[in-house]
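Below you'll find the structure, written out as structure tokens, and then a few comments.
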Amino acid sequence: MERIRTTEVAAHVGERVQVAGWLNTLRRLGGITFLVIRDGWGTVQSVAQDESDLAPLKEADAGVESVLTVEGTVASSPQAPGGFELQNITVNIITPVTEPPPLTLSKREIKAAQPTLLDHAVIGNRHITRQAMLRLGAGIMMGFRRTLNARGFTEIQTPKIVESATESGANVFKLDYFGKPAYLAQSPQFYKQIMVGVFERVYEVGPVFRAEPHDTTRHINEYVSLDVEFGFIQNHFTVMALLRDIIAGIVSTLEETCSSELKLLEVRMPFVPAEIPHIHFTDAQELIFTQHKVDVRGEPDLSPQDEHWLGEWAQEKFGSDFLFVTGYPMRKRPFYTYPDPDRPEYSNSFDLVFRGTELVTGGQRLHLYNDYLRALEKAHLPVEPFTTYLEAFRYGMPPHGGFAIGLERFLMQLTGLPSVKLTTMFPRDINRLSP
RNA sequence: GGAGCCGUGGUGUAGUGGUCAAACAUGUCUGCCUGUCACGCAGAAGAUCGCGGGUUCGAAUCCCGUCGGUUCCGCCA
């Protein structure tokens, strides 16, 4: 008999079907027993009316998490969870599990504390809520790709082993490349810009590595960056408009393809306005001063607290979960950032704040070769390590810009999880390299 | 790099100087139970309270050290 997924039983009422998966829950009520089977897509209940139906379990001493098949007749039943169940079942044990797992997966929620859950992520990720959350991550990537493919973007994969420690800022992981020093890429920034010279519109879904010794709920040392870069833009507002469409595309893709996951996790979906409100960096600082009596004017960057306040303000004033902060000071932005033509100490860059946390950084980049030479000099950086990168600009690049969305942060803010470490299968943080 | 907090059965917690040879929930095991869905009921097993030292008549509890975890800041997505 051909196997069907647990999520497909509704289409087979009255038929004899087989499901396969893991024994999620075994509820023995005496004369009747409920077996909840979990597969890669969800769960379904099956009912054993007769004690003899359970003989294979007893013989194999098989407990929860045993791998098995259940053959049964699909019945529509209002008292079954989800409305459907398998009756008159035949159980076949494939892989018996005889010891209890380190985490309890059969309850609605995982009770384990974060370190315990992460230590046993191999098992913990099987829990239906973890499974659903991780699938939302896949849904975000799908929505991202779908939106960009529809707009003529080409997906690229740039090197993750790089020769020089690219831009300024974040620390890099050094490695030994056949005796030569090399680094794990902390961003695809240079390569994606270079590829604008080839495809005009590019995007990448890939890992980036940050050797920052930070220890917060918003940071991990390897994360998935959703990168976009494209040419022939007017300024950073062109970039922000595309980002708005991508966010909207991700949200609608999730609603379309992950509705059961969103429901299970009780996700509050954001409303994406036709135009996401924006505020200039200096105005944001003034706002914080007038509203919260904290003077951050003159600070070169916004603190997590500032972003939190701005997020609240956007919600109150515009009913928006999103807010663009534009025009960050040039001195806090990397050398390739395009300055505001009217106020050169500020930049044509932006951050997107989602529910009070920084989610995206982006902006317009320099595109003229001579501007790069000047910018490097101003930043006291040598030209030599950037020769390959600069070659792109030497031989013609259009005005361009882009951004990077942090996948895990998006998931954290979307689902309301307390840490990015819980949005990824196997997080890498300052003191976790395993599992 | 700086600061704070926390380590108690498999898991999550309570206990902050004696009444603790450690409590509760959940899981596990045994028995009962024919519609559960966090099933229910009865019973059982399971912890030298992270580790080392000190204070004290007496330490899970106070102090010092150490190891582990976690949160915040800086920085960033």
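Convention: sequence-line order gives letters A, B, ...; per-chain numbering from 1.
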Reckon A:Thr33 touches a base, only the sugar-phosphate, or nothing at all at heavy-atom distances under 4.0 Å? nothing
Under 4.0 angstrom, heavy atoms only, what part of the nucleic acid is A:Val224 near: base, sugar-phosphate, or nothing? nothing
Of B:G74, B:C39, B:U71, the nucleotide closest to the side chain of A:Thr216 is B:G74
Please give me the minimum heavy-atom distance between A:Ser419 and A:Met412, naming the atom from each residue. C-SD, 3.6 Å
Considering only heavy atoms and no angle criterion, is a donor-acceptor pair shorter than 3.5 Å present between the side chain of A:His214 and the base of B:C76? no
Report the distance from atom CG of A:Asp301 to atom P of B:G74, rounded to the nearest whole Å. 9 Å
Kindly say if A:Lys421 contacts the phosphate of B:G69, meaning a side-chain N or O under 4.0 Å from OP1 or OP2. no
Is it the case that B:G74 (base atoms only) and A:Glu212 (side chain only) share a donor and an acceptor within less than 3.5 Å, ignoring hydrogens and angles? no
Rounded distance in Å - CE (A:Met141) to C1' (B:A77): 15 Å
Between the base of B:U36 and the side chain of A:Gln79, is there a donor and acceptor pair under 3.5 angstrom? no
A:Glu307 CD to B:C72 P, in whole Å, measures 14 Å
Determine which nucleotide pairs with B:A47, using a 3.5 Å limit on both distances of a Watson-Crick or G-U wobble pair. none
Just call it for A:Pro81: base, sugar-phosphate, or nothing, with non-hydrogen atoms closer than 4.0 Å on any strand. base
Report yes if a side-chain nitrogen or oxygen of A:Asn431 is closer than 4.0 Å to either non-bridging phosphate oxygen (OP1 or OP2) of B:U70; otherwise report no. yes
Quick note, A:Thr104 side chain, CB onward, closest among B:G35, B:A77, B:G27 is B:G27
Taking A:Lys421 first and then A:Asp215, would you say they form a salt bridge - that is, a charged N and a carboxylate O separated by under 4.0 Å? yes
Any A:Lys332 side-chain nitrogen or oxygen under 4.0 Å from OP1 or OP2 of B:C75: yes
Under 4.0 angstrom, heavy atoms only, what part of the nucleic acid is A:Gln49 near: base, sugar-phosphate, or nothing? base
Value in whole Å for how far the P atom of B:A77 lies from CD of A:Gln186: 9 Å
Select base, sugar-phosphate, or nothing to describe what A:Leu103 touches, counting heavy atoms under 4.0 Å on all strands. nothing
Atom CZ of A:Arg218 and atom P of B:C76: how far apart are they, to the nearest Å? 12 Å
Quick check, are the ring centers of A:His278 and A:Phe237 under 6.0 angstrom apart? yes
Regarding A:Thr357, tell me which of base, sugar-phosphate or nothing describes its non-hydrogen contacts under 4.0 Å with the strands shown. nothing
Within residues 108-128 of chain A: residues closer than 4.0 Å to RNA chain B (heavy atoms): A:Arg108, A:Lys111, A:Ala112, A:Ala113, A:Gln114, A:Pro115, A:Thr116
Round to the nearest Å and state the distance from A:Leu105 atom CG to B:G10 atom P. 18 Å
Without hydrogens or angle criteria, can the side chains of A:Asp306 and A:Ser303 be said to hold a donor-acceptor pair below 3.5 Å? yes
Need the pair for B:C20. Rule: Watson-Crick or G-U wobble, both distances under 3.5 Å, any strand; none if unpaired. none
Has A:Tyr372 got a side-chain atom pairing as donor or acceptor with A:Leu366's backbone, closer than 3.5 angstrom? yes
Scan A:Ile220 against the nucleic acid and name what it touches under 4.0 Å (heavy atoms): base, sugar-phosphate only, or nothing. base
Looking at B:U70, B:C76, B:A77, which one has an atom nearest to any side-chain atom of A:Arg432? B:U70
Quickly work out the A:Ile430 CD1 to B:G74 P distance and round it to whole Å. 16 Å
d(CD, A:Gln305; C1', B:C75) in whole Å: 17 Å
If you take the centroid of each ring, where Trp contributes its six-membered ring, are A:Phe209 and A:Phe173 closer together than 6.0 Å? no
Is any side-chain heavy atom of A:Arg333 less than 4.5 Å from a side-chain heavy atom of A:Tyr328? yes
For the atom pair CG (A:Leu148) and CZ (A:Phe230), what is the distance rounded to the nearest 0.5 Å? 9.5 Å
Can you say whether the rings of A:Phe190 and A:Tyr389 are parallel (under 30°), tilted (30 to 60°) or perpendicular (over 60°)? parallel
A:Glu85 near the nucleic acid: base, sugar-phosphate alone, or nothing, with a heavy-atom cut-off under 4.0 Å? base
